[in-house]
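Here's the structure we're looking at; comments come further down.
In what follows, every heavy atom counts, from backbone to side chain, and hydrogens, waters and symmetry copies are set aside. Order of the sequence lines sets the chain letters (A, B, ...), proteins ahead of strands, with each chain counted from 1.
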Amino acid sequence: MSDFSPETDKLLELARGASALSEARSAQIKASLLSQIAAGGALSAAASHATWGKAAWLSSPLAKGISVLALLSAVGVGVYAGVRTPNQAPSTAPGSLPSALAGARAPSPAAADRPSEARAVPGANDSTPSSGVPNARDTGNADPNAAAQAPDTVVVTPPNPAAVSASGSKASTGVAHATPASEPTGGASAGTTADTLAEETGLLRDADQALRAGNAQRALALLDEHAARYPNGVLEPERSAERMIARCKLGQMDAKTAQTYLATQVNSPFAARLKDACSSVDR
Amino acid sequence: MDSDAPGQLDGMRSSAQLVSAPAPDVRRSTPLIEASVTVGATNPSTADCPKLSFEGVYESHVEFVFRNAQRLGVADGALDDIVQQVFLVVHRRLVEVAGDAPIKAWLFGILAHVVRDYRRSLRRKSPHSALPPIDPATLAEPAGRGPFDALARSEAFEVVVGLLSELSDEKREIFVLSELEQLTAQEISDLIGVNASTVYSRLRAARQDFERAVERSRLRDTWRLR
């Protein structure tokens with residue numbers, strides 16, 4: 001027996017059948033998704049931790065992953081556009097992404113505008129362990145591809161003074177579908193914290209891009225700046241890794257230190273790139 | 001509410017175990033596949049448990065995520081974005097999820113959260129504006145239905161989503177799962193991790209709220225026509 005009036009019943013019956021996702025749109029979403037993943041859109045996602053602050057939601061790694069996306073929406077995630085080059089096709093997509101998302105830590109401090117709501121929703125995460133880092137993936141193929149396509153792989157940031165990377169914001173029109181969607185999700189009212197994080201992320205992203213483009217010198221300069229401005233930022237681990245890579249590439253790293261560091265980073269998302277850059281250090 | 005969607009749970013189970021050929025660099029070398037997946041199969045030992053592939057999860061569940069994001073009030077312009085956000089989390093967290101875990105529940109939890117956040121940021125930006133209406137043209141027309149049918153459906157959809165915006169997040173979610181996704185109370189309970197009796201009472205309250213919203217809108221229309 002229905003609780004509803006017949007009219008309401010009819011309304012619901014009609015509404016039920018209305019949603020449908022066309023193949024084309026699904027493919028579009030998927031393509032954009034894979035591009036974002038491969039282009040390291042996750043790097044910026046890391047910045048979103050701060051707005052979540054004491055997200056008590058689930059208090060599980062799932063919360064961290066989601067919190068990472070919270071700011072993603074706050075700074076206008078829809079703006080990310082990645083270019084998918086031929087190299088980048090399926091093989092690098094799904095599993096190969098030891099993205100910086102993995103490296104992002106959840107910082108309890110920072111803007112705590114998250115009431116602990118939504119507790120009702122999820123019971124499903126009891127199965128998830130507490131580790132915050134995915135298993136080491138031997139993504140030997142990820143880095144060479146990334147290096148090869150570096151100039152093209154771009155993450156376009158929203159209009160944020162510090163974060164705008166002048167060097168090469170080429171957005172692919174093919175995958176630009178994601179772009180227009182930024183508008184409704186831009187409600188970053190976490191104020192300065194969000195801006196700071198966007199800056200921090202932007203700096204790190206620029207360094208990363210420089211590194212991938214082969215300009216280790218510039219990368220190092222940016223990383224030094226990052227270290228000066230955000231000594232205790234949430235992205236400290238990422239910075240350390242990037243810095244190590246840069247120094248290895250510049251031949252500034254001695255073999256012993258490199259090996260030691262490498263050994264500690266076996267499970268890090270940067271493992272592959274580190275290995276690639278630092279294994280050949282034989283000084 | 002009767003179990004009028006018996007396929008749901010089965011679908012959920014088999015989708016959870018569904019795996020497509022893994023990307024070359026992926027986790028284990030176990031040959032996972034359709035052969036080892038049977039609907040209703042009892043849990044394999046974790047050692048044999050096929051790991052999920054991201055693409056597999058995406059293909060199996062993107063529609064679920066998409067249509068419920070729509071129903072929960074995400075404007076069409078933001079829809080792709082929201083779906084992507086959900087799957088970015090999925091991608092990030094997939095390693096931690098066992099092959100036989102309740103994927104749908106996990107997904108819905110993520111979706112609900114992402115949508116709540118989205119709605120909150122919308123309210124912040126424009127506190128007085130209603131959520132933008134769904135453009136009927138963007139709703140894919142299920143095959144085999146005439147244009148008038150599709151129109152009626154999309155209009156009804158728009159109305160329902162509009163009315164649902166008057167409910168609280170919690171009630172809206174439960175209403176969508178029950179009345180639109182047509183899950184049983186038990187399934188909803190499994191999905192959102194709330195016990196069945198709470199589901200029932202919340203559902204009853206949600207239905208009342210919805211019916212009242214229908215009433216109000218009817219009154220508004222009547223008034224306007226005078």
Side-chain angles (χ1 to χ4, degrees), chain A residues 3-5 8 11-12 14-22 26 29-30 32-33 36-37 45 57 61-62 65-66 69-70 72-74 77-78 90-91 93-97 101-102 118 120-125 127-129 134-135 137-139 141 177-178 180-181 183-187 189, chain B residues 22-27 53-55 58 62-63 66-67 70-71 75 77-78 80-81 83-85 87-89 91-93 95-98 101-102 105-106 109-110 112-114 116-118 121-122 124-125 139-140 142 152-154 156-157 159-160 170 179-180 192-194 204 207 211 214:
Chain A
D3 291 338
F4 298 122
S5 68
T8 306
L11 184 66
L12 289 171
L14 284 171
R16 244 170 246 140
S19 300
L21 173 61
S22 69
S26 175
I29 291 174
K30 185 175 175 185
S32 179
L33 189 59
Q36 282 184 52
I37 288 175
W57 193 62
L62 184 54
I66 295 188
L69 295 181
L72 221 156
S73 66
V77 67
S91 64
S96 72
L97 221 260
L101 237 190
V121 179
N125 338 299
S127 54
T128 61
N135 300 330
R137 303 178 195 182
D138 199 15
T139 56
N141 63 339
H177 186 82
E183 211 236 329
T185 55
S189 71
Chain B
D25 48 347
V26 138
R27 334 159 208 279
S53 88
F54 177 69
E55 293 217 32
Y58 178 87
V62 64
E63 286 181 30
F66 181 88
R67 67 173 175 262
Q70 257 183 338
R71 291 162 173 169
D80 288 17
D81 201 49
V83 171
Q84 280 161 23
Q85 282 187 43
F87 281 100
L88 278 175
V89 176
H91 182 270
R92 163 76 179 84
R93 290 293 161 194
V95 264
E96 299 163 5
V97 178
W106 180 51
I110 301 172
H113 209 100
V114 171
R116 286 192 189 198
D117 229 56
Y118 157 80
S121 76
L122 265 193
R124 266 193 227 121
K125 277 181 67 174
L139 296 173
R153 272 173 228 280
S154 63
F157 186 82
V159 168
V160 168
E170 264 177 8
E179 307 305 326
L180 298 178
I192 68 176
V194 161
R204 206 174 52 242
R207 287 173 177 155
E211 192 69 86
V214 170

For A/A15 and B/F157, work out which heavy atoms get closest and say how close.
O-CD1, 3.4 Å
Of all heavy-atom pairs between A/Q36 and B/L88, which one has the smallest distance, and what is that distance?
OE1-CD1, 3.6 Å
Within the structure provided, determine whether A/I29 and B/Y58 are in side-chain contact (heavy-atom separation under 4.5 Å).
yes
If only atom types and distance count, is the side chain of B/R153 paired as donor or acceptor with the main-chain N or O of A/R16 below 3.5 Å?
no
Quick check for you: to the nearest 0.5 Å, what is the distance between B/Q84 atom CD and A/I37 atom CD1?
9.5 Å
Measuring from atom OG1 of A/T8 to atom CZ of B/R207, what distance do you get when rounded to the nearest 0.5 angstrom?
12.0 Å
Minimum-distance pair of heavy atoms, taken over all atoms of B/F66 and A/A20
CE2-O, 3.9 Å
Within the structure provided, determine whether A/K30 and B/V62 are in side-chain contact (heavy-atom separation under 4.5 Å).
no
